[in-house]
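Single-structure report; data block below.
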2 protein chains.
Amino acid sequence: MGVAERHAREKEALRSKIQAAASELFLELGYQNVSIRKIAEKIEYAPSTIYLHFKDKQELLESICIDTFAKLNESMTELDQRDLAPLERLEQGMRCYINFGLQHPHHYLATFGIPARDEQGKTIESEAVGNIGLQSFSHLRSIIARCMESGDIRTADSMVTAQSVWMMIHGVTDLLITHTEYSGFPWAPKDQLVDLSVANIIRGLK
Amino acid sequence: MGVAERHAREKEALRSKIQAAASELFLELGYQNVSIRKIAEKIEYAPSTIYLHFKDKQELLESICIDTFAKLNESMTELDQRDLAPLERLEQGMRCYINFGLQHPHHYLATFGIPARDEQGKTIESEAVGNIGLQSFSHLRSIIARCMESGDIRTADSMVTAQSVWMMIHGVTDLLITHTEYSGFPWAPKDQLVDLSVANIIRGLK
DNA sequence: TAGGCTACCAAACGCTGTTCAGGAAAGCAA
DNA sequence: TTGCTTTCCTGAACAGCGTTTGGTAGCCTA
C-alpha cells in the first residue's frame, strides 16, 4: 500500500521545487522583486498551486531563509569543533556571521532587515524564524560566556553582552550589504571596515 | 502682479499638505502600508495629483525623511554648541543618534533599513538622501577626530573609524526598532542595551 | 469677451497577493 | 468495467498597488 507514501513524496517534491525556484529568483532579483506569479511561471504551475503548499508568500520566503540560516548554524557548530582559544573563537564567530550575511545578502535582509509588518507597522516575526535566530544567538552567548570564564573579556551579564555584540555585528553586516554600492558616500574598503569593527568590538569587551 | 506669486504659494501649500498627510500616515502605518491612494484620500485629491508635485512615491517619502533627518543634524549641531569634553561629546552624539532612531522609527527604517532596489536588487540611493546622510556622518567623523587629537581614543584613520562606529550604532538602533517587540526572543531592556553598547563602543576605541 | 494656460481628475494599464468554484485525473469498491 | 470519492490543480476573479494619459474646468491675460 505504498500509494499514500508515493503521494506524500510527490507532494514534498513539488514543495521543494517551489522552494528551489523561489530561492533562485530570490537570489537573482532580491526580496522586493520576487512575485508569486514569477515563481509559478518558473515551475510551470498556476500561481494558486503555490498556496496549496505555503500559507502565503511570507511563509514561503521564510522557509527559504530558515534553510539558509541553518547553514550559518552549521558553520558555527563546525567552528565549535575546531577547538580554538575562546577569544579566537569569538573573533572567528563574528567574522563567520558577517561573511554569511555578505554571501547571502537577500536572505539576510529578508530575515533581519525587512521584517514583516502589520497594519499598525508593528514587527511580526514567526516562531520558526525566532527559533533559528535563537539558535545562532545562543552560539554567540556561549562563546561570550566562555571568554568571560577564561578571563579574556571582563565579566558581565552574558545575555545583555551577547545581545549588544549581536546588534553591532548586525549593523556592520547590514550596512555592508545595503549601502556599499552607493558611490556618493566615500565608503572604506569592506576588509578594513570588518577588521577594524571586529577588533574594536572585542577590545570593548576587555 | 502678485498672481504668479500667489500661485507659487498655493502650489507650495499643496506640496506641503501632501507631505504632511504622507508623514502622518507614514508614522501611523509604517513604510509598507502607506499608499499613494491613501495619501490622496486623506487630502481629498485624486491620486494622480500627487504626481504633479513628486516624481514618484520614492521621492515623496524621501523628502519626508530628509526633513526628519534635518532634525537629527540640528540636534547634533546643538550638541556641538554645548561645548562638552570630546569623549562626552562622542557619547552624547551616539545616544542622540540612537534616540533619534527610536523616536522616528519609520523614517529611520525607510532611510537606512529599507533601501530602494532596482530589478537586480541593487541598492538605489538618491543624491539628496546621500547628502543629508553625509552631513550626519561628518559630525560623527569630526567628533572622533577631536577625540583622537585630545588623546581620549587611540589615533587611527578617522574615516574608517567613524564608519565602523556608525555601523555599530546603526545596528543597535536598527535592532532596537525592529526586533524588540518580538516576545519570543528574550530581549534585555532597551536602556541596558543602549548603555552597554555605547560604553563598549567607546571602550573599544581607547 | 476670446484664447491660452494651468491645475486637476477619471479612467485605465499592468502589476501585486490571495481566494474560490470547479474540473480533471487518479484511486478504490463493487 | 462502472460508479464514487478524493486529491491535485487551475482559471478567473477580487481588491489593492504605482503610475500614465487624455481631457476638462476655471482662472488669467490680452
Side-chain angles (χ1 to χ4, degrees), chain A residues 1-19 21-22 25-26 28-64 110 114-119 121 124 126, chain B residues 1-19 21-22 25-26 28-64 110 114-119 121 124 126:
Chain A
M1 200 60 76
V3 174
E5 282 80 353
R6 200 195 74 221
H7 276 194
R9 238 178 323 158
E10 281 170 357
K11 185 154 188 170
E12 185 54 41
L14 182 49
R15 192 186 149 94
S16 297
K17 199 173 176 180
I18 293 169
Q19 282 178 317
L25 286 171
F26 198 39
E28 209 176 304
L29 306 170
Y31 182 87
Q32 317 278 357
N33 301 313
V34 182
S35 74
I36 294 287
R37 282 175 169 85
K38 281 181 193 160
I39 298 167
E41 195 179 3
K42 199 177 179 84
I43 58 170
E44 296 177 298
Y45 278 79
S48 45
T49 302
I50 291 172
Y51 289 88
L52 300 174
H53 297 268
F54 298 92
K55 191 177 116 278
D56 54 22
K57 188 185 176 184
Q58 185 61 27
E59 191 186 284
L60 167 53
L61 293 185
E62 237 173 61
S63 79
I64 294 166
I114 318 164
R117 330 206 118 231
D118 63 16
E119 314 80 44
I124 304 165
S126 80
Chain B
M1 198 61 80
V3 174
E5 282 81 353
R6 200 194 74 220
H7 276 268
R9 239 177 322 156
E10 282 170 356
K11 184 154 187 170
E12 185 53 42
L14 183 50
R15 193 186 148 94
S16 298
K17 199 172 176 181
I18 293 169
Q19 283 178 317
L25 286 171
F26 198 40
E28 209 175 305
L29 308 170
Y31 182 86
Q32 317 277 358
N33 301 311
V34 183
S35 74
I36 294 286
R37 282 175 166 85
K38 282 181 192 161
I39 298 167
E41 195 180 3
K42 197 177 180 83
I43 58 171
E44 296 178 297
Y45 278 79
S48 46
T49 302
I50 291 172
Y51 288 88
L52 300 173
H53 298 267
F54 298 92
K55 190 176 119 280
D56 54 21
K57 187 186 176 184
Q58 184 62 26
E59 191 186 285
L60 167 55
L61 292 185
E62 238 173 60
S63 79
I64 294 167
I114 319 165
R117 327 195 80 90
D118 63 15
E119 313 80 43
I124 303 166
S126 81

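Letters go in sequence order (proteins before strands), and every chain restarts at 1.
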DNA chain C contacts among residues 44-54 of chain B, heavy-atom distance under 4.0 Å: B/Tyr45, B/Ala46, B/Ser48, B/Thr49, B/Leu52, B/His53
Less than 4.5 Å apart, side chain to side chain, heavy atoms only: is that true for A/Phe54 and A/Glu62? no
Take atom NZ of B/Lys17 and atom P of C/dC8, then tell me their distance rounded to the nearest Å. 10 Å
So, for B/Ala40 and B/Ala46, which heavy atoms are closest and what is the spacing to 0.1 Å? CB-C, 3.9 Å
Residue pairs meeting salt bridge (Lys or Arg N to Asp or Glu O under 4.0 Å), one or both in residues 50-59 of chain A, sequence neighbours left out, come to none
What integer distance in Å separates A/Leu14:CG from D/dC8:P? 10 Å
Would B/Gln19 and B/His53 count as a side-chain contact (heavy atoms from CB on, under 4.5 Å) if you check the C-alpha gap in whole Å, the side-chain angles of each, and the deciding distance to 0.1 Å? CA-CA 10 Å; B/Gln19 283 178 317; B/His53 298 267; over 6 Å; no
Identify, with sequence neighbours excluded, every residue that meets side-chain contact (heavy atoms from CB on, under 4.5 Å) alongside A/Lys17. A/Leu14, A/Ile43
Gap separating the OH atom of A/Tyr51 from the CD1 atom of A/Ile18, nearest 0.5 angstrom: 11.0 Å
Please evaluate residues A/Arg9 and A/Glu12 with respect to the criterion side-chain contact (heavy atoms from CB on, under 4.5 Å), reporting the C-alpha separation (whole Å), side-chain torsions for both, the decisive distance (0.1 Å), and the verdict. CA-CA 5 Å; A/Arg9 238 178 323 158; A/Glu12 185 54 41; 5.6 Å; no
Protein N or O to nucleotides 13-16 of chain C N or O, pairs below 3.5 Å:
| from | atom 1 | to | atom 2 | distance (Å) |
| --- | --- | --- | --- | --- |
| C/dT16 | OP1 | A/Ser35 | OG | 2.9 |

Could you tell me how far apart A/Leu60 (CG) and C/dT18 (P) are, to the nearest whole angstrom? 10 Å
Rounded to whole angstroms, how far apart are CZ on B/Arg15 and C1' on C/dA7? 16 Å
Closest approach of A/Ala22 and A/Ile39, non-hydrogen atoms and distance? CB-CD1, 3.7 Å
Per the side-chain hydrogen bond (donor to acceptor under 3.5 Å, both in side chains) rule, what does the pair list look like for residues 34-48 of chain A, sequence neighbours excluded? A/Glu24-A/Lys42
B/Leu61 CG - D/dC17 C1' separation (whole Å): 14 Å
Let me know the distance between CZ of A/Arg9 and P of D/dC8, rounded to the nearest Å. 14 Å
Would you mind reading off the bend of the helix from C/dT1-D/dA30 to C/dA30-D/dT1 from its two end axes, five pairs each, to 10 degrees? 20°
Could you state the CD1-C1' distance from A/Ile18 to D/dC8, rounded to the nearest angstrom? 12 Å
Shortest non-hydrogen contact from A/Ile36 to A/Pro47? CG2-O, 3.9 Å
May I have the distance from B/Lys11 (atom NZ) to C/dC5 (atom P), rounded to whole angstrom? 15 Å
If you look at every heavy atom in A/Tyr31 and A/Phe26, which pair is closest and at what distance? CA-CE1, 3.5 Å
